[in-house]
Amino acid sequence: MAEFMLKLDIEILKFAVVTLALFILYKYHRIFEITLPPSLLRKGAVVTLVLWLSFLADVVNDVYPTEFTKILDDIIISFALILGTYYLVDYMRKVRVRIVPSRVFNGGDPTLARGTHIVTDTDVSNVLKLIRGKKAIALTRNPESFKEIGVPYLWLSKVPSENAIDPLRLPAILHKLIENADKDTVVIVEGLEYLVLENGFNSVMKFLTTLKDNLLVKGATLVVIVDPRALEPSQMAVLRREFSELRPEMVNKQKA
């Protein structure tokens, strides 16, 4: 009898711990939405709920044991594992984004010095002329200008599409950009205003400074395209302190 009660107590304790974990996940789900897409979170919640049912089945089996309840928890766990594996494989297939750096312009030495820069000329073609002979990856709100000339990109969009990534997933964006950069790569961030709109300026600055530090370690170059009219003067001042600004005359020289 004592052994039975001990086993029942353990099963109830496990069930209580899992229930508490589910409550915490639900209460703080907004935090996880920063790094994970909502669709994956919903599917993860379904799998977790199914696992929770398996712990409940364990408790029921200890209180009202039958031939069916003895195997019910194993059936539920197996179903949860199969469902979770399917969701994960499906997610990885959909989010696989190839952004291998490609050479933008052949010939000539790159005009742009290695390092981290901001540029207030929002004409992407002018920025690309500064990086002749270098490779490029773009983070952009307007992918067509990069797609036309074969520059790999991540599209800041909440709509599932080719190379699209949710602007709220800053850690995932950071990882993809850093992972694919090397000493001959220029990472172009175009769409800063949209990132600020979705995440807030402070979060975006933390993202940019982390990106900057990691790219500098790799010897890569970062160019942030920004429209000063879309930001507060104090925000532009912060950007200018953190990044060297490409003067208009330097960019204009490439138009001639």
Q: Among Asn180, Asp184, Asp182, find the one that has a side-chain hydrogen bond (donor to acceptor under 3.5 Å, both in side chains) with Lys135.
A: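 Testing Lys135 for a side-chain hydrogen bond (donor to acceptor under 3.5 Å, both in side chains) against Asn180, Asp184, Asp182 leaves exactly one candidate, Asp182.
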Give, for atom [atom1] of [X] and atom [atom2] of [Y], the distance between the pair rounded to the nearest 0.5 Å.
X      : Y      : atom1 : atom2 : result
Leu51  : Ile77  : CG    : CD1   : 7.0 Å
Arg240 : Met236 : CZ    : CE    : 3.5 Å
Leu211 : Leu216 : CG    : CG    : 9.5 Å
Leu81  : Ser54  : CG    : OG    : 9.0 Å
Leu156 : Ile165 : CG    : CD1   : 8.0 Å

**Q.** Residue Glu179 excluded, over 12 heavy atoms near CD under 6.0 Å
**A.** yes
Q.
Using a 6.0 Å cut-off, check whether atom CZ of Phe201 has over 12 heavy atoms from anything other than its own residue.
A.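 Yes, the 6.0 Å shell around CZ holds more than 12 heavy atoms from other groups.
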Q | Salt-bridge criterion met for Glu193 and Arg141 (N-O under 4.0 Å) | A |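 A salt bridge is absent here (no side-chain N lies under 4.0 Å from a carboxylate O).
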Side chains of residues 218-227: which donor-acceptor pairs under 3.5 Å do they make with residues two or more places apart or in other chains?
residue: Lys218; atom: NZ; partner: Ile178; partner atom: O; Å: 2.6
residue: Lys218; atom: NZ; partner: Ala181; partner atom: O; Å: 3.1
residue: Asp227; atom: OD1; partner: Arg229; partner atom: N; Å: 3.1
residue: Asp227; atom: OD1; partner: Arg229; partner atom: NE; Å: 3.1
residue: Asp227; atom: OD2; partner: Arg229; partner atom: NE; Å: 3.4
residue: Asp227; atom: OD2; partner: Arg229; partner atom: NH2; Å: 3.0

Q | Under 3.5 Å donor-acceptor, Ser244 side chain and Ile118 backbone | A |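 A pair under 3.5 Å: no.
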**Q.** Under 3.5 Å donor-acceptor, Lys212 side chain and His117 backbone
**A.** no
Q: Using the test side chain to side chain contact (heavy atoms under 4.5 Å, CB included), find all partners of Ser203 that sit at least two apart in sequence or belong to another chain.
A: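 If we apply the side chain to side chain contact (heavy atoms under 4.5 Å, CB included) test to Ser203, skipping adjacent residues, the hits are Leu170, Asn199.
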Q) Within 45° of the six-membered ring axis of Tyr153 and under 6.0 Å from that ring's centre, is NZ or CZ of Lys147 located there? A)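 Here Lys147 fails the 6.0 Å and 45° test against Tyr153.
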Quick check: closest heavy atoms across [X] and [Y], and the distance to 0.1 Å?
X      : Y      : answer
Ala80  : Val50  : CB-CG1, 3.6 Å
Ile76  : Ala57  : CD1-CB, 4.2 Å
Ser145 : Val124 : OG-CG2, 4.2 Å

Quick check: is [Y] connected to [X] through a chain of hydrophobic side chains (ILVMFWY, heavy atoms under 4.5 Å apart)?
X      : Y      : result
Leu139 : Val159 : no
Tyr86  : Val47  : yes
Leu72  : Leu49  : yes
Ile149 : Ile188 : yes

Q | Residues clustering with Ile71 (ILVMFWY side chains joined when closer than 4.5 Å, directly or via others) | A | Ile75
Q: Check the pair Glu242 / Leu208 against side-chain contact (heavy atoms from CB on, under 4.5 Å), numbers first and verdict last.
A: CA-CA 9 Å; Glu242 193 67 34; Leu208 287 177; over 6 Å; no
(Q) Between Thr140 and Val189, is there a side-chain heavy-atom distance shorter than 4.5 Å? (A)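 In short, these two side chains do not touch, never coming nearer than 4.5 Å.
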Q | Which residues share a ring pair (Phe, Tyr, Trp, His ring centres under 6.0 Å) with Trp52, sequence neighbours left out | A | Phe15
Q.
Go through it in stages, so that I can follow the logic: the residues are Met205 and Leu239, the test is side-chain contact (heavy atoms from CB on, under 4.5 Å), and I'd like the CA-CA distance, side-chain angles, deciding distance and then a yes or no.
A. CA-CA 8 Å; Met205 275 306 301; Leu239 283 170; 3.6 Å; yes
**Q.** Counterpart residues, side chain to side chain donor-acceptor pair (under 3.5 Å), relative to Thr66 (two or more places apart)
**A.**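 With neighbours one apart ignored, the set is Thr69.
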Q: State which residues pass side chain to side chain donor-acceptor pair (under 3.5 Å) with Asn142; sequence neighbours excluded, sorted by chain then number.
A: Glu190
Q: List the steps, then state whether side-chain contact (heavy atoms from CB on, under 4.5 Å) holds for Thr210 with Asn214.
A: CA-CA 6 Å; Thr210 303; Asn214 280 275; 3.5 Å; yes
